[in-house]
Amino acid sequence: MKVILSSILFVMLVFMSSCGQAQNNTSEKQISMLKEFYISYNDIWSAPPKTIPYDVLVNKADSLSSIYCTTELRKKAKEWLDGGHDLLRGDFYGIMIPKTLSVIKDSTKSNEYIVSYTAHDTDPYGKEHTQQVALHITVVKEGNSYKIADVK
């Protein structure tokens, strides 16, 4: 009887351990995807002003979002951008300082992450300033990859 109980306990521990490992690998993949997206997205918008036409930047951003965002979010982001707002950066303008980028799992919600960074910008009077940006990102699995489904 003890052998059977020990065997059941062992199997349960192995199963729980492998579930935790799979969940951890999923989080790591999603964190990696979010970092790749935000670094690439920042690279697009950090081009010196007036060196690249705005419509070219919009097309580059749309192409990038087609890889990393769901179709619904991509459509919504494009509509916002046409209206002068950047949904994917939560309307926080300025250039991200890459070394400040942080992506952590939101422990209170499933498939949600907090992307934070410091952004650098210049106001209309030429005064430089920085601001802290924190975005709450929902990630979903589409096919074999993870995609950004919502930004708050």
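Note that the numbering runs from 1 along the sequence shown for the chain.
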Any side chain to side chain donor-acceptor pair (under 3.5 Å) involving residues 121-131? Give me the pairs, sequence neighbours left out, ordered by first then second residue.
->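 As it turns out, the side chain to side chain donor-acceptor pair (under 3.5 Å) pairs with a partner in residues 121-131, which skip direct neighbours, are His120-Glu128.
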Contact list for residues 141-151, test side chain to side chain donor-acceptor pair (under 3.5 Å), sequence neighbours left out |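 Those involving residues 141-151 do not exist here.
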So, taking the atom named [atom1] in [X] and the one named [atom2] in [Y], what distance separates them when rounded to the nearest 0.5 Å?
X      : Y      : atom1 : atom2 : answer
Leu73  : Thr138 : CG    : OG1   : 9.5 Å
Thr26  : Ile31  : OG1   : CD1   : 11.0 Å
Leu135 : Ser116 : CG    : OG    : 8.5 Å
Asn42  : Met96  : CG    : CE    : 4.0 Å
Met33  : Glu28  : CE    : CD    : 14.0 Å
Ser46  : Ile39  : OG    : CD1   : 11.5 Å

Beyond-backbone contact of [X] with [Y], side-chain heavy atoms, under 4.5 angstrom:
X     : Y      : value
Tyr41 : Lys60  : no
Gln30 : Glu112 : no
Arg74 : Asp62  : yes

Applying side chain to side chain contact (heavy atoms under 4.5 Å, CB included), can you list everything that pairs with [X], at least two apart in sequence or on another chain?
X     : value
Lys75 : Glu79
Leu34 : Val103, Tyr113, Val115, Ile137, Val139, Ile148
Thr51 : Ala47, Pro48
Ser40 : Leu64

So if you build clusters from Ile, Leu, Val, Met, Phe, Trp, Tyr with side-chain heavy-atom gaps below 4.5 Å, do Ile67 and Ile44 land together?
->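 As far as the 4.5 Å side-chain criterion goes, Ile44 and Ile67 are connected within one cluster.
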Same hydrophobic cluster for Ile95 and Val58, using side-chain heavy-atom links shorter than 4.5 Å among ILVMFWY?
->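 Different hydrophobic clusters.
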What are the two closest heavy atoms between Ala77 and Leu88, and how far apart are they?
->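 Where Ala77 meets Leu88 most closely, the heavy atoms are CB-CG, 3.9 Å.
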Short side-chain to backbone donor-acceptor contact, Thr100 and Tyr117, under 3.5 Å =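 Such a contact is absent between Thr100 side chain and Tyr117 backbone.
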Taking ring pair (Phe, Tyr, Trp, His ring centres under 6.0 Å) as the test, write out the residues that go with Tyr68, two or more places apart.
->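 Tyr68 satisfies ring pair (Phe, Tyr, Trp, His ring centres under 6.0 Å) with Phe37 only.
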Residues that Thr70 engages under side-chain hydrogen bond (donor to acceptor under 3.5 Å, both in side chains), provided they are two or more places apart =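 With sequence neighbours excluded, Thr70 shows a side-chain hydrogen bond (donor to acceptor under 3.5 Å, both in side chains) to no residue whatsoever.
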Residues in side-chain hydrogen bond (donor to acceptor under 3.5 Å, both in side chains) contact with Asn59, at least two apart in sequence or another chain |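 Scan of Asn59 (side-chain hydrogen bond (donor to acceptor under 3.5 Å, both in side chains), adjacent residues dropped) gives none.
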Check salt bridge (Lys or Arg N to Asp or Glu O under 4.0 Å) between Asp91 and all other residues, then give those that pass, not counting sequence neighbours.
->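 For Asp91 there are no salt bridge (Lys or Arg N to Asp or Glu O under 4.0 Å) partners, ignoring immediate neighbours.
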Summary of ring-ring contact (aromatic ring centres under 6.0 Å, His included) pairs that have at least one residue in residues 69-98, sequence neighbours excluded =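 Residue pairs passing ring-ring contact (aromatic ring centres under 6.0 Å, His included), neighbours aside: none found.
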Remaining members of hydrophobic cluster (4.5 Å side-chain criterion), Ile104 |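 Taking Ile, Leu, Val, Met, Phe, Trp and Tyr as members, Ile104 shares its hydrophobic cluster with Ile114.
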